[in-house]
Amino acid sequence: MVTIPPKNAPVYLFDAATDSDHLVMGWQKENILMPTTTPGEAEYQFHIKNLVNEEVFMKNGDSIYDYSFRYYFGKKISGEKKAFLGTKELILKARSLSGKPEKLQVALLLKNGSAYGKTIVISPEMDEYKIPLSELKAVKTVTLPRPYPGFLPYYFEHKNVGVFDLENTESLQFSIGPDMDLKEQRGEHALSIISVIME
């Protein structure tokens, strides 16, 4: 029996309840999957005490303030490719856990290693954040998983240029750190992600 999704049904790229085990990220003992008040729904909670990685430095000696994680959705949408290519916006369901607004960069990664994303501000209330694909701009791609010791550059160095191509996207990259001022970079951060869909 083949399940045919309804016309205009959303395409799920990430669902914390079923996909969090496949997140690629640096280990933090405070990060945990928790159920929400909605039956069958869960949120992956991120509690970041320090954004800077003391083992990773830019070539000019400055610390990199960033915590990024990634999810590969290529296989997940293989049966929904036509619906995926017809989508116009990315919708993130998330909330801040710190009691204050939190900045999160959400990006789509292409097969050639380039990334296109946007930084949004997440409130403490559970909400859905819509990002039109037309608003995605080129952003840095983080080298994940991180090697130990950190001998590879933190950011993937490539010479790929061009426009965003939805057909060649295969992963989600989430980054806590981009577009923050120094005070924000040096603070603690906490947020949760429930799902990412495309419509």
Side-chain angles (χ1 to χ4, degrees), residues 2-20 22-25 36 38 40-46 66-96 101-142 144 155-156 158-180 191-199:
V2 178
T3 301
I4 301 176
K7 188 177 181 180
N8 300 322
V11 178
Y12 272 81
L13 302 188
F14 175 77
D15 181 352
T18 57
D19 301 329
S20 58
H22 302 289
L23 284 169
V24 179
M25 57 187 173
T36 68
T38 301
E41 183 182 75
E43 61 181 1
Y44 200 88
Q45 300 183 352
F46 298 88
D66 182 87
Y67 181 81
S68 291
F69 45 102
R70 183 179 300 166
Y71 176 73
Y72 172 76
F73 59 76
K75 284 187 177 180
K76 188 170 188 175
I77 66 164
S78 60
E80 302 177 85
K81 198 69 174 182
K82 185 176 181 180
F84 175 71
L85 294 177
T87 59
K88 300 297 182 183
E89 60 185 5
L90 181 151
I91 304 173
L92 168 76
K93 188 174 183 181
R95 66 177 177 132
S96 165
E102 291 281 4
K103 292 178 180 177
L104 177 69
Q105 185 186 88
V106 183
L108 288 168
L109 268 63
L110 276 62
K111 294 176 181 178
N112 64 7
S114 57
Y116 293 81
K118 181 178 181 178
T119 298
I120 58 175
V121 179
I122 297 174
S123 69
E125 296 78 28
M126 188 80 75
D127 206 349
E128 292 186 344
Y129 299 86
K130 296 184 178 182
I131 304 174
L133 299 183
S134 60
E135 295 182 4
L136 298 181
K137 305 297 182 184
V139 297
K140 294 179 179 179
T141 301
V142 177
L144 291 170
Y155 294 111
F156 176 61
H158 63 80
K159 297 181 180 179
N160 300 319
V161 294
V163 296
F164 173 68
D165 179 11
L166 184 61
E167 186 169 5
N168 287 312
T169 58
E170 61 179 11
S171 298
L172 283 163
Q173 177 179 278
F174 305 90
S175 298
I176 303 170
D179 299 306
M180 290 185 180
L191 56 85
S192 76
I193 295 176
I194 292 86
S195 63
V196 178
I197 65 173
M198 300 276 282
E199 285 188 339

Undergrad: To the nearest 0.5 Å, tell me how far F84 CZ sits from E199 CD.
TA: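 One gets 13.5 Å once the value is rounded to the nearest 0.5 Å.
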
Undergrad: If you measure only the distance, is there a donor-acceptor pair under 3.5 Å linking the side chains of S123 and Y129?
TA: yes

Undergrad: Measuring only between side-chain heavy atoms, which start at C-beta, is I193 closer than 4.5 Å to Q45?
TA: no

Undergrad: Quick one: pull up CZ in F73 and CD in E170 and give me the separation to the nearest 0.5 Å.
TA: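 Output value for this atom pair is 8.0 Å.
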
Undergrad: On a heavy-atom basis, which atom in A16 and which in S20 lie closest, and how many Å separate them?
TA: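 Between these two residues, the closest heavy atoms are O-OG, 3.1 Å.
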
Undergrad: Find the distance between CG (L172) and OH (Y71) and round it off to the nearest 0.5 Å.
TA: 8.5 Å

Undergrad: Roughly how far, to the nearest 0.5 Å, is the CE atom of M25 from the OH atom of Y67?
TA: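 Reported to 0.5 Å precision, the distance equals 5.0 Å.
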
Undergrad: So, do L92 and I131 sit near enough that their side-chain heavy atoms are less than 4.5 Å apart?
TA: no

Undergrad: Between T36 (side chain) and T38 (backbone), is there a donor-acceptor pair under 3.5 Å?
TA: yes

Undergrad: Counting heavy atoms not belonging to Y12, are there more than 12 under 6.0 Å from its OH?
TA: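 Atom OH in Y12 is not packed in, count stays at 12 or less.
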
Undergrad: Could you go through L166 and T87, starting from their C-alpha distance and side-chain angles, then the distance that decides it, and tell me whether this counts as side-chain contact (heavy atoms from CB on, under 4.5 Å)?
TA: CA-CA 9 Å; L166 184 61; T87 59; 3.8 Å; yes

Undergrad: Quick one: closest heavy-atom pair of E89 and P132, and the distance?
TA: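 In this case the closest contact between E89 and P132 is CB-CA, 3.9 Å.
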
Undergrad: If we only count heavy atoms from C-beta on, is the L23 to R70 side-chain gap below 4.5 Å?
TA: no

Undergrad: Can you list the residues that meet the ring-ring contact (aromatic ring centres under 6.0 Å, His included) rule with F174, with sequence neighbours excluded?
TA: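 If we apply the ring-ring contact (aromatic ring centres under 6.0 Å, His included) test to F174, skipping adjacent residues, the hits are F69.
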
Undergrad: Got a sec, which residues hit side chain to side chain donor-acceptor pair (under 3.5 Å) with E135, two or more places apart in sequence or on another chain?
TA: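 For E135 the side chain to side chain donor-acceptor pair (under 3.5 Å) partners, ignoring immediate neighbours, are K118.
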
Undergrad: Does the E80 side chain pair with the main chain of L85, one donor and one acceptor, at a distance under 3.5 Å?
TA: no

Undergrad: Heavy-atom distance under 4.5 Å between the side chains of E102 and V121, does that happen here?
TA: no

Undergrad: Check whether any side-chain heavy atom of I91 sits under 4.5 Å from a side-chain heavy atom of V196, and report yes or no.
TA: no

Undergrad: Using salt bridge (Lys or Arg N to Asp or Glu O under 4.0 Å) as the criterion, list what pairs up with R95, not counting sequence neighbours.
TA: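 Partners of R95 under the salt bridge (Lys or Arg N to Asp or Glu O under 4.0 Å) test: E43.
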
Undergrad: Just jot down the side chain to side chain donor-acceptor pair (under 3.5 Å) partners of S68, sequence neighbours excluded, or say none.
TA: D66, S175

Undergrad: In chain order, what residues pass the salt bridge (Lys or Arg N to Asp or Glu O under 4.0 Å) check against E41, with sequence neighbours excluded?
TA: K93

Undergrad: Closest approach of S96 and I122, non-hydrogen atoms and distance?
TA: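 Reported closest heavy-atom pair: N-CG2, 3.4 Å.
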
Undergrad: Does any pair with a residue in residues 122-133 pass salt bridge (Lys or Arg N to Asp or Glu O under 4.0 Å), and if so which ones, sequence neighbours excluded?
TA: none

Undergrad: What are the two closest non-hydrogen atoms of G40 and A17, and how far apart are they?
TA: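 Taking every non-hydrogen atom into account, O-CB, 3.9 Å.
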
Undergrad: Test your reading of the model: is there a side-chain donor-acceptor pair from T169 to the backbone of L109, 3.5 Å cut-off?
TA: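 Between the backbone of L109 and the side chain of T169 there is no qualifying donor-acceptor contact (under 3.5 Å).
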
Undergrad: Roughly how far apart are I197 CD1 and D15 CG, rounded to 0.5 Å?
TA: 10.5 Å

Undergrad: With the side chain counted from C-beta on, respond yes when V142 and F156 share a heavy-atom pair under 4.5 Å apart, and no when they do not.
TA: no

Undergrad: For T141 versus G113, what's the shortest heavy-atom pair and its separation?
TA: OG1-O, 2.7 Å

Undergrad: What's the verdict on side-chain contact (heavy atoms from CB on, under 4.5 Å) for I176 and K103, showing C-alpha distance, side-chain angles and the deciding distance?
TA: CA-CA 7 Å; I176 303 170; K103 292 178 180 177; over 6 Å; no

Undergrad: Please answer whether the main-chain N or O of L110 pairs with a side-chain N or O of S114 as donor and acceptor at a distance below 3.5 Å.
TA: no

Undergrad: May I ask you to test the L108-L13 pair for a side-chain heavy-atom distance under 4.5 Å?
TA: yes

